[in-house]
Asker: 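One structure follows; several queries about it will come next.
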Number of protein chains: 2
Amino acid sequence: MTTYTIGEVAQKYNMRPSTLRYYEDLGLLYNVPRENGHRVYTDQHLSRLSTICCYKNAGMSLDELAAFFHYSESEEDVAKTLALLDEVDDRIQRQISELQANYQQIQRKKHYFADIQTALAAHQPRPKWEDYRHQIY
Amino acid sequence: MTTYTIGEVAQKYNMRPSTLRYYEDLGLLYNVPRENGHRVYTDQHLSRLSTICCYKNAGMSLDELAAFFHYSESEEDVAKTLALLDEVDDRIQRQISELQANYQQIQRKKHYFADIQTALAAHQPRPKWEDYRHQIY
DNA sequence: ATAGCGCTTCAAGCTGGCTTGAAGTCAAGG
DNA sequence: CCTTGACTTCAAGCCAGCTTGAAGCGCTAT
């Protein structure tokens, strides 16, 4: 069974050891055994950590995550787990479509400023934002 | 020319008046004229505010935004503006694809927990996560 | 045997992005 | 005329999510 030190896990997940300790304090990562007082992580922990990152990235707060894990361990609270998942699903969908709109807007700005640059170099008149603001790229 | 009070703008953009004042302090929203000491916003300000929200949502910090607006006003710094836009473009694309992966994962979890609930009600054995972890919905 | 490295705990500190509170101004309505 | 309510400024406060610092332990390599 592969095991990892806190430093290895941190590197793998591109976070600081302190963050892992912090998550453990919050109860998000638990049952991390010690060897000579040092934390020893297994693939189980990594899998849990991936889950944490996924939900966090989806916009869940660390508190909500704690609640989620708490619910998903009791048989009676499956409904609550599902409600939270629906909530996250909702959030993530809205986020994606907002980001896609933002993406469009950034593309417009990129074209606009690129054309400004060209125009300045060629001593031509600057383009007008009006001509870009409804473009779709 | 339509004008708006700080309260109206706040409501329109679903933010607090204090946030608008804060953005003004940071120099993100400027040249907001006063009438009897009260701020008066025009459609120009709303347009600027939309831009702020777009970039902020795309993951730009308020400091970066200030830099962005600063650059995009000077003719020499168009290149810097473009560089920042590229950076934001990059971030936003990565964010979208991460979110889409997260979305998939949430769908798996939703199916998984829904099936757990069904199984529990029917006194059947619980489904195994193994059967879900690579599904695509 | 001692230096150094990576870990440990615990408490305090930091950052970004606002929000709140106190004290005051102004215009409209009863 | 006085109250109400939306605004003003300015400084201080708050929250999430870490990060840092101090003090210490235990293995390995020189």
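Both backbone and side-chain heavy atoms feed into the values below; hydrogens, waters and symmetry mates do not. Each chain gets a letter, A, B and so on, in the order the sequences are listed, and its residues count up from 1.
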Asker: Rounded to whole Å, please give me the gap between CD in Glu35(B) and P in dA28(C).
Answerer: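 Spelled out: CD on Glu35(B) to P on dA28(C) is 12 Å.
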Asker: How many whole angstroms separate atom CG of Leu26(B) from atom P of dC18(C)?
Answerer: 9 Å
Asker: Measure the distance from CG on Asp25(A) to C1' on dT19(D) and round it to the nearest whole Å.
Answerer: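 Rounded to the whole Å, the gap is 13 Å.
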Asker: Please state how far atom CG in Leu28(B) lies from atom C1' in dG16(C), giving the value in whole angstrom units.
Answerer: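 Taking atom C1' of dG16(C) as the reference, CG of Leu28(B) is at 13 Å.
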Asker: Can you check each nucleotide of nucleotides 4-18 of chain D against protein heavy atoms at under 4.0 Å and return B for base, S for sugar-phosphate only, - for none, in 5' to 3' order?
Answerer: ---SBB-------BB
Asker: Got a sec, which residues hit side chain to side chain contact (heavy atoms under 4.5 Å, CB included) with Glu8(B), two or more places apart in sequence or on another chain?
Answerer: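 So Glu8(B) forms a side chain to side chain contact (heavy atoms under 4.5 Å, CB included) with Tyr4(B), Thr5(B).
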Asker: Using only atom types and a distance under 3.5 Å, with no angle test, would you say the side chain of Glu64(A) pairs donor to acceptor with the backbone of Ser61(A)?
Answerer: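 Present.
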Asker: Give me the ring orientation class for Phe68(A) and Phe113(B): parallel if the planes are under 30° apart, tilted from 30 to 60°, perpendicular past 60°.
Answerer: perpendicular
Asker: Report yes if at least one side-chain N or O of Asn36(A) is closer than 4.0 Å to OP1 or OP2 of dC27(D); otherwise report no.
Answerer: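 Result: yes.
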Asker: Is the shortest side-chain N to carboxylate O distance from Arg126(A) to Glu75(B) below 4.0 Å?
Answerer: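 Yes, Arg126(A) and Glu75(B) are salt-bridged.
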Asker: Can you tell me if Thr19(B) uses its side chain to pair, donor with acceptor, with the backbone of Met15(B) under 3.5 Å?
Answerer: no
Asker: Can you tell me how far C1' of dT19(C) sits from CG of Leu20(B), to the nearest Å?
Answerer: 13 Å
Asker: Between Tyr132(B) and Trp129(B), what is the ring plane arrangement, given parallel below 30°, perpendicular above 60°, and tilted in between?
Answerer: parallel
